[in-house]
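Here's the structure we're looking at; comments come further down.
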Amino acid sequence: MAKIYMVRHGQASFGAADYDQLSPLGAQQCELLGQHWRALGLRFDTVWMGSLKRHRQSMEAIAAGLGGLPEATVRSGLNEYDPEALVRAAHPGPLPSGDSPEVQRQHFLHLRQGLLGWIKGEMAPAGLPAHADFLGGVMAALDEARQQPSAEHILVVSSGGPISNAVGHVLQAAPEGVVELNLRLRNSAVTELQSTSRRHALISFNNLPHLDQPGRSHLQTYA
């Protein structure tokens, strides 16, 4: 039996030319998570992550706070979908640019529509695999991780899409439920799965034990 700790990356760079880059706050979030686990005496037997820059930077910040981690196994199945492809599928016309509240509101409105259409098979966003194939890649990576010998505590650093889809699959959630799970995930949040050779079971979702403390609420972010 293994316990999988799925961590969404720290805050990235929404609205910047390179989103795939942790902000200073994102690095702080992940380092605080590592410090929290270090205080608990938690150690990981194996580490898995996607191949995106923000995944590696998050893992490195966690390692800095924790005092070290095993070398990570990289699997592309733990990578995020392309949100811009989903937005374009939902709204093919031109979109406003910038990082104003209204631009962000429109972005997430179209993202929600694109996500739902993709999961239901009603949209085929350019450059994205079918949703069933995306989900299959996520679950294949988790299944491979839990099958490693002597892996009792497994750290998986990924993104909101893979984590929410894994949880939705475990809970047999409807597409609308998977979308809600996805859009509620917070940066550096921890989702725990108990895994056996036969199945995964959800223990907790979207927790911030390292930020749910007095004086740290301002460090909680979503994008």
Side-chain angles (χ1 to χ4, degrees), residues 1-9 30 33-34 36-52 54-56 58-60 62-63 65-81 115 118-121 128-182 184-186 188-210:
M1 183 176 293
K3 191 172 183 180
I4 299 177
Y5 300 76
M6 300 189 75
V7 177
R8 186 191 177 202
H9 60 80
C30 291
L33 177 57
H36 169 76
W37 280 335
R38 185 174 187 173
L40 294 179
L42 178 61
R43 289 292 169 181
F44 293 98
D45 306 301
T46 184
V47 179
W48 295 66
M49 67 180 188
S51 63
L52 302 179
R54 59 188 182 271
H55 296 156
R56 178 165 295 281
S58 296
M59 184 275 294
E60 290 171 347
I62 292 171
L66 187 57
L69 281 170
E71 183 176 354
T73 298
V74 178
R75 289 291 180 271
S76 61
L78 296 170
N79 285 351
E80 184 64 288
Y81 53 72
L115 267 173
W118 181 47
I119 294 172
K120 288 184 171 183
L128 287 188
H131 178 261
D133 294 332
F134 174 82
L135 175 59
V138 175
M139 299 313 298
L142 294 183
D143 288 342
E144 186 180 359
R146 72 177 174 183
Q147 291 167 6
Q148 302 305 301
S150 304
E152 296 184 5
H153 295 93
I154 302 167
L155 173 62
V156 174
V157 181
S158 185
S159 293
I163 295 171
S164 59
N165 274 270
V167 171
H169 178 73
V170 168
L171 298 179
Q172 300 182 12
E176 291 82 0
V178 176
V179 172
E180 289 303 316
L181 291 171
N182 195 163
R184 294 294 176 266
L185 267 168
R186 299 174 288 182
S188 75
V190 183
T191 293
E192 299 169 287
L193 300 176
Q194 192 78 55
S195 298
T196 68
S197 59
R198 298 176 56 188
R199 72 186 190 102
H200 301 284
L202 181 66
I203 299 176
S204 69
F205 174 73
N206 202 24
N207 287 331
L208 292 173
H210 54 303

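Hydrogens, waters and symmetry mates are skipped; everything else that's a heavy atom, side chains included, is used.
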Which value, rounded to the nearest 0.5 Å, describes the distance between [X] atom [atom1] and [Y] atom [atom2]?
{"X": "L78", "Y": "W48", "atom1": "CG", "atom2": "CH2", "answer": "8.5 Å"}
{"X": "K3", "Y": "F44", "atom1": "NZ", "atom2": "CZ", "answer": "9.5 Å"}
{"X": "L193", "Y": "M6", "atom1": "CG", "atom2": "CE", "answer": "6.5 Å"}
{"X": "H36", "Y": "H210", "atom1": "NE2", "atom2": "NE2", "answer": "8.5 Å"}
{"X": "C30", "Y": "L66", "atom1": "SG", "atom2": "CG", "answer": "12.0 Å"}
{"X": "L69", "Y": "E60", "atom1": "CG", "atom2": "CD", "answer": "10.0 Å"}

Indicate yes or no for a side-chain donor-acceptor contact from [X] to the backbone of [Y] under 3.5 Å, with no hydrogens or angles considered.
{"X": "R8", "Y": "L185", "result": "yes"}
{"X": "R56", "Y": "S51", "result": "no"}
{"X": "Q148", "Y": "E144", "result": "yes"}

Taking side chain as C-beta onward, heavy atoms only, is [X] less than 4.5 Å from [Y]?
{"X": "L202", "Y": "T191", "value": "yes"}
{"X": "E80", "Y": "P162", "value": "yes"}
{"X": "M139", "Y": "N165", "value": "no"}
{"X": "N182", "Y": "Y81", "value": "yes"}
{"X": "E192", "Y": "I4", "value": "no"}
{"X": "L208", "Y": "S188", "value": "yes"}

Which pair of heavy atoms, one from [X] and one from [Y], lies closest together, and at what distance?
{"X": "I154", "Y": "A2", "result": "CD1-CB, 3.9 Å"}
{"X": "A151", "Y": "D45", "result": "C-OD2, 3.8 Å"}
{"X": "A141", "Y": "R75", "result": "CB-CB, 4.2 Å"}
{"X": "S195", "Y": "H200", "result": "OG-ND1, 2.5 Å"}
{"X": "W37", "Y": "V7", "result": "CH2-CG2, 3.6 Å"}

Identified side chain to side chain contact (heavy atoms under 4.5 Å, CB included) partner of L155 from the options V47, T46, L42 |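 Exactly one pass, corresponding to V47.
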Does R186 CZ have over 12 foreign heavy atoms under 6.0 Å away?
->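 It does: R186 CZ has more than 12 such atoms within range.
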Hey, could you give me each pair passing side chain to side chain donor-acceptor pair (under 3.5 Å) that has a residue in residues 152-164? Not counting sequence neighbours.
->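 Qualifying pairs, neighbours excluded: H55-S159.
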